[in-house]
Amino acid sequence: QKTMNTQLANWAEMRHDFMLYAKQSYGGGNGCSYPYGYIEPVPDLYKKIQQLFISLNELTNSEYLKEEKNLEFSKNYYNKWINVCDTLISMSNKILIGKDFSKEENLFLNSTISIGVVGCNDAVVGWYPELYWEFNPSPEYMTDFENRGSNSDDFIVADVHTIPTDEAGNMVGWVLHAGTGRINMAVINAPTPDGGSRAYIGPVFSYYEFLSNDFKRLTNEEWREMDGKPAFRPEFTNLYLADKDGNSPNGEKVSLYSVPSSVEKEKPAENLRNLDCFPNPFSGNTSIQFTLTSKDLDNIIELSIFDLKGNLVKTLINEYPQGKNYSIVWDGTDSKNTNLPNGTYIYTLKSGSNVQSGKVSITR
């Protein structure tokens, strides 16, 4: 499931013309040393990455790149990746067959990340950080590098599929989006050679998906303003994803021993509807977002706008669900597509006998 989450986030990045190179594992805490490293044994992945950089290296010999200023730097950078992948392939195969590492491979593992000089504020070195383009081992660079995972500057979203009409032929303009959010911290237990186990900590991607209507295609800037709401995480992440208090996105406590051992034992996780509206207040368009539960899928769902006197202003959707994650765009008009006056309105979501509501304000 962790791998599936990472692959989906990877796919969303690639649909956005980004290339994911690798994900890292690292040790740490309050100290400044990195005593252990762990290599995830996926030799096929490292072979594909290696082939990518072999191809890039071949391009540097092209006639078109002879005048490239950073040509020599590029060649050295590609060769570094090729050599590292060689070692990762060898070590992965040894892990899978239970064979011991060589002395050189142990040295490689122990030099993944290390402090160049004693002290928390000194330069960071090692083969892993050097895989980043134009890596600079200064403390200032590392501080900037660590901060990137805590803000939304790098979040991306891609509209990956469009459904113009529903099965009855009504124009709906559904657009499926895939996106990435903040880097998640993973804690993974792995066996040690002495028969024990050790916990490793490292970053993994976060993947999101949701459905908009009226052919609304979010830009990266709009997606970043939405700030990666938990409602748009895939349902399977409820089995292992937890906040600082140990609660999953659906509000339930996550147990270290709660992940089922087989698909047959899994029970559908029930998401809260997480009905929300953003931006609020708004002047042009706003997006009403919600996540349905499994029970909602059997009912017609209705999302409507009312004024403060309870009069129906506009019905945005009235249909059987096409999925669980929704982002419905409202442009501040009534059923006749006339702009409504400034003020506060009520948006209401109905599913069977269940009703949820919220307030939204227009400020043109």
Side-chain angles (χ1 to χ4, degrees), residues 1-14 18-28 33-61 74-115 124-133 135 183-207 236 239-240 259-263:
Q1 290 162 341
K2 180 270 297 179
T3 303
M4 182 190 302
N5 184 83
T6 300
Q7 289 173 335
L8 287 169
N10 187 355
W11 170 71
E13 288 266 12
M14 298 227 295
F18 274 77
M19 179 58 67
L20 169 68
Y21 294 140
K23 68 176 183 358
Q24 70 195 71
S25 294
Y26 62 89
S33 62
Y34 301 85
Y36 301 106
Y38 170 70
I39 292 176
E40 193 165 357
V42 281
D44 287 344
L45 170 64
Y46 305 132
K47 289 176 183 176
K48 290 182 182 297
I49 295 175
Q50 184 184 53
Q51 187 55 54
L52 167 68
F53 282 97
I54 289 174
S55 299
L56 289 172
N57 208 8
E58 291 173 352
L59 284 176
T60 60
N61 298 321
S74 299
K75 287 183 177 180
N76 293 333
Y77 178 74
Y78 300 153
N79 283 325
K80 186 179 298 182
W81 268 96
I82 293 168
N83 293 332
V84 166
C85 286
D86 254 341
T87 305
L88 293 176
I89 292 168
S90 172
M91 296 177 74
S92 296
N93 287 326
K94 287 184 177 180
I95 293 173
L96 295 174
I97 63 175
K99 187 177 179 180
D100 291 338
F101 294 148
S102 67
K103 182 179 179 180
E104 291 76 17
E105 288 168 337
N106 277 321
L107 181 62
F108 174 86
L109 187 60
N110 291 333
S111 61
T112 303
I113 304 177
S114 59
I115 303 297
V124 174
V125 296
W127 62 262
Y128 180 79
E130 291 173 2
L131 293 180
Y132 285 88
W133 184 262
F135 173 75
I183 300 297
N184 294 149
M185 182 184 74
V187 181
I188 300 173
N189 260 5
T192 56
D194 59 6
S197 64
R198 181 174 291 120
Y200 297 86
I201 182 174
V204 296
F205 261 145
S206 60
Y207 172 73
F236 67 79
L239 293 171
Y240 65 86
V259 179
S261 58
S262 67
V263 175

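For the side chain to side chain contact (heavy atoms under 4.5 Å, CB included) test, residues two or more places apart in sequence or in another chain that qualify with Q7 are T3. N79 is linked by a side chain to side chain donor-acceptor pair (under 3.5 Å) to N57, counting only residues two or more places apart in sequence or in another chain. A search for side chain to side chain contact (heavy atoms under 4.5 Å, CB included) contacts involving K47 returns D44, I89, not counting sequence neighbours. Take N189 and apply the side chain to side chain contact (heavy atoms under 4.5 Å, CB included) test, not counting sequence neighbours, and it matches S197, A199. Qualifying side chain to side chain donor-acceptor pair (under 3.5 Å) partners for D86, counting only residues two or more places apart in sequence or in other chains: Q50. For S90, the side chain to side chain donor-acceptor pair (under 3.5 Å) partners at least two apart in sequence or on another chain are E105. Looking at residues two or more places apart in sequence or on another chain, you find a side chain to side chain donor-acceptor pair (under 3.5 Å) between Y207 and E209. Every residue two or more places apart in sequence or in another chain was checked for a ring pair (Phe, Tyr, Trp, His ring centres under 6.0 Å) with F101, and none qualifies.
Distance check: L56 CG to E58 CD gives 9.5 Å after rounding to the nearest 0.5 Å. Atom-to-atom distance recorded for L107:CG and E104:CD is 8.0 Å, nearest 0.5 angstrom. Expressed to the nearest 0.5 Å, how far CD1 of I49 lies from SG of C85 amounts to 5.5 Å. Taking OG of S102 as the reference point, atom CZ of F108 lies at 11.0 Å (rounded to 0.5 Å). Interatomic distance, Q51 CD to I82 CD1, rounded to the nearest 0.5 Å: 9.0 Å. Atoms CG and CH2, on L52 and W81 in that order, are 9.0 Å from each other to the nearest 0.5 Å.
Listed here is the closest heavy atom pair of S92 and V42: OG-N, 3.8 Å. Here the shortest heavy-atom pairing between L96 and P41 reads CD2-CB, 3.9 Å. The shortest non-hydrogen separation linking I39 to L88 is CD1-CD2, 3.7 Å. The nearest pair of heavy atoms linking L131 to Y77 is O-OH, 2.6 Å.
Side-chain contact between L8 and F205: absent, with no pair of heavy atoms (C-beta onward) separated by less than 4.5 Å. Contact of the E40 side chain with the Y46 side chain is registered, since non-hydrogen atoms from C-beta on lie closer than 4.5 Å. Contact annotation: the side chain of Y200 never approaches that of V187 to less than 4.5 Å [non-hydrogen atoms, C-beta and beyond].
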